[in-house]
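When a ligand or atom number is given, it counts from 1 through the structure's own listing order.
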Amino acid sequence: MPARKQPTRSTASRTVVAPKSPKTKPAARKIPTRSSGARANRNVAKASKPAGFEISERVKLQAVSRKRGTGYDYSRTRPLQIFTLDPSVSFLAGGSATVAVPFEQLRPGPVGTVFEIDGSRVPPELRKSVTTTLTLDLDDHALLLADGIAPTPADGHFHLQMCYAVCSLTYAEFTRALGREIVWASGYRASETEPFRLRVSPFALAEEKNAAFDQELGCISFGYFHAGENPGGHVVPKGLICTALSHDVIVHETTHALLHALRAQFAMPSNPDVLAFHEGFADIVALLMHFSYPDVVLEAMRASKGSLANASLLTDLARQFGQATSKPVKASALRTALDVSNAHAFDSDAFANGTQPGVDQPLQYDATFEPHKLGSVLVSAVFEAFATALRRRSARYYRIAGLAPDDLREAELSDELVRALAREATETARQFLTICIRAIDYCPPVDIRLGEYLRALITADSDVVSDDRYYYREALMRSFQRRGIFPDKVGFMSEDALRWKSPEQELIVPGLALRDLRFGVEISAPAGEKEMQRRAQALGTFLMQPGVAKALHLAPIGTPLPKNMTYAAPFRIESIRNTRRVAPDGRITTELVAEVTQSCTIMVGKDLMDFAGGCTLIINTAGRIRYAIYKSVVSDTRPKEQHDAATGPLKGFWKRSKGVLVGQTNMLMRLHQGRSA
Ligand SMILES: [Zn+2]
């Protein structure tokens, strides 16, 4: 495995595409007005001079971030008790735990700098007086000494603590993997100088078997309902079920919000994979986070003899929620990572050794599936790769214990062995979670396909891990292949073919080399607003240089529009963020990740339709564009595919506005309507 070349400053001395001032003002280009049909971009700062590109308001937001002493302080923790899965799981099986939440000063609510928990509309069973709003002061001395409130579904204050703790832990996983704070794309704040806070309302939806993230408002609403007369599992007949007490539902919804913060343009329902990706990715994060609670993993490993295929406590999602809505004879979780019954089938090594296709075959990719079902194909692909990697890592422990890993029916596993297996599971899950989150930085800014997420996974991991000892990347490629998820335009399922490519010509963005950047109190802290604006300006100016837009597959400003395109908006700098990745060997990579988009109006058949393209740019310390991960606006296939989806399976997510097919707003709310989480 070749060691990854570290970008050095010396590359800056080579060819530079210099930012010569344009001879003709790009503003002279006839950029059609909005009345030509394209939907107005919201939150757009006034186009900077020279015209031809816009800077999203979100660029500035990245700077309005927490300063030391006002956000999470990752060097200190606040111990808080939570349900590790939900109230249905026995405390003996690790159903509760005290977790280390990053510390921050809180106001009663709790209200911090990232989340505000809103305890209004408490259900009657949880009211202690006539008041319908609860607040919790986690900085109260008695609670600080007691690690918060002990887990119980009967105390409404605990619901607030559970939401705050699990939301914060999920957020912390993302900041750890990406090496920066994440700034919400929407939310609540008292003044313009504050960052948005995500409002989380545990009791928002009375008698609704649902929870939802609202992209427009920036809030998460949880539902509660009463179980039937005869529910499954340990659910009390007619008992109160609160989705805000389900670890998985909280992580799932928080992940929706985080993904929206990182890729706001995935809000456009341009193909079925976009919706499936939102759902699948949220479930992947929830599943892998199960493994961060040592007691749950230990007990599950003990009960299943180290086999993930039998460890339903770890592989099921939202157990109580599912049981409350299922029949007693077949109490089941809401979703499970395992979609095949044969344990061997859930292992790409076993498949390679010859299992029977059709019998052991997992659910295959099918773009006509309902988005949650299509998302489950992605979940099962990632989870299979994880299970395969874990088996490879665990094999040596079985061998040391003199056991055959494939036949443990009669075997007695010693306590030491179970502990070692549990530690491996926790460590492997953490690595997979990191890979999955980092891959978001390597996704195109719009129109994601599941096959492209595979490419992002492979590139993200190979960028930091040159020594892939247990062949995680091979396991990922195989498990995606086994489900029929193939990236476009890739002839081989091999690492070199799947890795994103550098642009054909060397592109160095003046002003974005590490030596030109200004940081906050530390390298991952965003610089001030002025600096963020400067970076975006530098990138935008660079895009206007001759040949650059074309090299990045954008429609160049000042040239005739491509066939079928009736309007092309200026380039839009959506974001430009620092990333700091720590490799397992301790090396640290600092880069910039920028999203550039371009919205257009195109004609497909007789329909005018909104259409978007763009590219994600990974820029190294020398200012060189290492990867341009693009979705071309000049595409032969994408317009028709989008039109087919918008008039077919995704019809409910599109509407006609003034004769133009446009994506409906708040896709995730629509996606959750009538569905469960
Ligand atoms: Zn969802």
(message) Checking T434 now: which residues fulfil side chain to side chain contact (heavy atoms under 4.5 Å, CB included) with it, not counting sequence neighbours?
(response) R176, A177, R438
Suppose we only count N/O/S atoms under 2.8 Å; would [X] qualify as near the Zn ion (ligand 1)?
{"X": "E253", "answer": "no"}
{"X": "H256", "answer": "yes"}
{"X": "H278", "answer": "no"}

(request) Identify the heavy atoms of C443 and T616 that sit nearest to each other, and give their distance. (result) O-OG1, 2.7 Å
(message) Quick check: of its N, O or S atoms, which one does H252 have closest to the Zn ion (ligand 1)?
(response) NE2
(message) Of all the N, O or S atoms in E279, which has the shortest distance to the Zn ion (ligand 1)?
(response) OE1
(message) I'd like to check the salt bridge (charged side-chain N to carboxylate O under 4.0 Å, His left out) partners of D118; sequence neighbours left out, ordered by chain and number.
(response) none
(request) State, without any angle test, whether Y74 and T175 hold a side-chain donor-acceptor pair at a distance under 3.5 Å. (result) yes
(request) Kindly say whether the aromatic ring centers of W500 and Y630 come within a distance under 6.0 Å. (result) no
